[in-house]
Amino acid sequence: MDVTEHVESVYAELRRRDPGESEFHQAAAEVLHDLEPALRKHPEYVDARIVERLCEPERQLVFRIPWTDDRGEVRVNRGFRVEFSSALGPYKGGLRFHPSVDLGTVKFLGFEQIFKNALTGMPLGGGKGGADFDPKGKSDGEIMRFCQSFMTELHRSLGEHTDVPAGDIGVGSREIGYLFGQYKRITNRHEAGTLTGKSVAWGGSHVRTEATGYGVVYFLQEMLATRGRSLEGQRVVVSGSGNVAIYAVEKASALGATVLACSDSVGYLVDEDGIDPELLKEIREVRGQRLPAYAEARPNARFVESGSVFDVPCDVALPCATQNELNREHALTLVKNEVFAVAEGANMPCTAEAIEAFREAGVLFGPGKAANAGGVATSALEMQQNASRETWTFERAEERLATIMRDVHARCRATAESYGGASHDYVFGANIAGFLRTADAMVAQGLV
Ligand code: GLU
């Protein structure tokens, strides 16, 4: 069978079957496009229809989440869990609570997760979930009741050997706590390894909170080192100001970079003195305020409501907010301002056209499924600690994270080269490396 035709027919079929799922189409197109050299080298993957099988989730759950708000009114949201692939381990991936969440979003995230998790080298399958619930402006009681209702339905599908959710946008350690509490109550099992991102006080891992942001910066460090550069003195721009952004700012600053800007959904913050990670954390996480409060507290900081954070000239850009936040125009502005490297902290923050613009301009580009793999990798470390009933020190967990990110980086480069690409083509390397590990397991496990 002609490999190009095979891949094209799989892509056409998934678009035909699920016409409304544009983000899933985008995520699939990016991967499928890169797989041809692997399929040529391994005809057994084509015979076993690995690509076709990988594009179809093993199981998709869509469910009703009824809950009552503080006025006693009944509210109904929609919940999702897409159990995409269990070839390498239990389904693993976060939960996103955001009004934009629909099945297509969860499928794109779950699909990416398969390759990301495989790339870490750890025993993790791929999945993702969430709800179209908007946590903004909700009271603590409302969040708890929502999480309890969500888990009342989802608990029957979970388990430390079956499906292990964690956080994502809108789901942090508070939500994981409420979800875990309800899981424990219903099942009567303190099965710590069923959820990751737990608080360190009761089964969580040190560094899990910081892991995605720190991991992005470790990956970036490796990318820069291939060109003889370090983070020292680099001007960095980060988008977003949530969990990933905050810890990317913290680690980049600690390694000598000046982080000039970050953003929220209303605008962006510029601090010519370099963003102070402690103040940012205090404002966003402790006080729950927005970025203008930071600008008021620092002499050389300003909050800008028009334009984009990517207008700020920089050497390194770290998109850490959400999917498709960085388009071709933003990419061209960054290129014009001589950006040197871009690493994705969020999942699919750059559009396909933006990635193309970076590629054409020779900008080093680290895709999310490699650069932001530190979060899920540290979830695997949390599962490991739960299984052995141990708690590692912060230093030990961080050292493991740093090693994993170095390995992910090396794996991307080596795989890209051995399949005929350039070693700095991290997109190609990540796609092929993630695919090979999953595909080999699928062939070995037969037609299931
Ligand atoms: N939501 C994170 C991601 O996109 C983490 C998933 C996890 O820890 O399971 O990779």
Side-chain angles (χ1 to χ4, degrees), residues 23 27 80-86 88-98 101 105-120 122-131 154 158-160 162-173 175-176 179-180 192-199 203-216 219 240 242-248 319-323 325 343-349 366-386 397 400-401 404-405 408 430 434:
E23 289 166 336
F80 305 90
R81 185 75 181 163
V82 174
E83 299 181 333
F84 231 115
S85 169
S86 61
L88 294 172
Y91 308 109
K92 183 80 193 90
L95 299 172
R96 177 176 293 191
F97 291 171
H98 191 272
V101 167
T105 313
V106 179
K107 279 177 72 179
F108 118 64
L109 290 163
F111 188 73
E112 290 267 304
Q113 201 82 46
I114 304 173
F115 299 89
K116 182 195 310 194
N117 294 4
L119 202 51
T120 65
M122 302 176 98
L124 301 169
K128 201 87 187 191
L154 192 61
L158 305 183
E160 61 180 335
T162 310
D163 186 349
V164 183
D168 196 84
I169 294 172
V171 178
S173 73
E175 289 73 19
I176 294 294
L179 291 163
F180 186 78
T194 300
L195 282 161
T196 61
K198 300 180 293 298
S199 167
S205 174
H206 282 294
V207 193
R208 178 62 192 87
T209 306
E210 298 84 357
T212 312
Y214 280 14
V216 173
F219 192 88
N243 169 267
V244 181
I246 288 172
Y247 292 100
C320 296
T322 195
Q323 66 268 21
E325 56 165 312
E344 294 184 321
N347 291 314
M348 208 168 75
K369 60 172 83 74
N372 75 30
V376 76
T378 308
S379 280
L381 301 180
E382 184 172 333
M383 292 161 77
Q384 201 176 326
Q385 289 166 76
N386 293 153
R400 287 284 293 122
L401 168 65
I404 290 165
M405 294 315 294
V408 168

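Computed from a prediction, not measured in an experiment: that's the story for all the values here. Atoms within a ligand are numbered from 1 in the order they appear, just like the ligands themselves.
For atom 3 (C) of ligand 1, the nearest protein heavy atom (residue, atom name, distance) is Lys116 NZ, 3.3 Å. With hydrogens left out, the protein atom closest to atom 6 (C) of ligand 1 is Gly94 N, 3.6 Å, a heavy atom. Considering only non-hydrogen protein atoms, atom 8 (O) of ligand 1 sits nearest to Ser379 OG, 2.6 Å.
For ligand 1, the polar-atom distance check finds an N/O of Asp168 within less than 3.5 Å of one of the ligand's N/O atoms.
Contact annotation: for Asn347 versus ligand 1, heavy atoms closer than 4.0 Å belong to the side chain alone. Contacts between Gln113 and ligand 1, counted as non-hydrogen atom pairs separated by less than 4.0 Å, involve the side chain only. Only the side chain of Arg208 comes within 4.0 Å of ligand 1, counting heavy atoms alone; its backbone N, CA, C and O stay farther away.
In terms of modelled atom types and a separation under 3.5 Å, the side chain of Lys369 and the main chain of Ala430 share no donor-acceptor contact. The backbone N or O of Gly345 lies less than 3.5 Å from a partner atom in the side chain of Asn372, making a donor-acceptor pair.
Between Arg81 and Leu95 the shortest side-chain heavy-atom distance falls below 4.5 Å. Looking at heavy atoms from C-beta onward, Ile169 lies in side-chain contact with Thr322 at the 4.5 angstrom threshold.
Scanning Ala166, Gly167, Gly375, Ala380 for the heavy atom closest to atom 2 (C) of ligand 1 points to Gly167. Nearest-heavy-atom check against atom 4 (O) of ligand 1 across Glu382, Met383, Lys128, Lys92 picks out Lys128.
For the atom pair Leu154 CG and Asp163 CG, the distance stands at 6.5 Å (nearest 0.5 Å). Taken to the nearest 0.5 Å, the CG atom of Leu124 stands 8.5 Å off from the CD atom of Gln113.
Glu23 pairs with exactly one of Leu109, Thr105, Val106 by the side chain to side chain contact (heavy atoms under 4.5 Å, CB included) rule, that one being Thr105.
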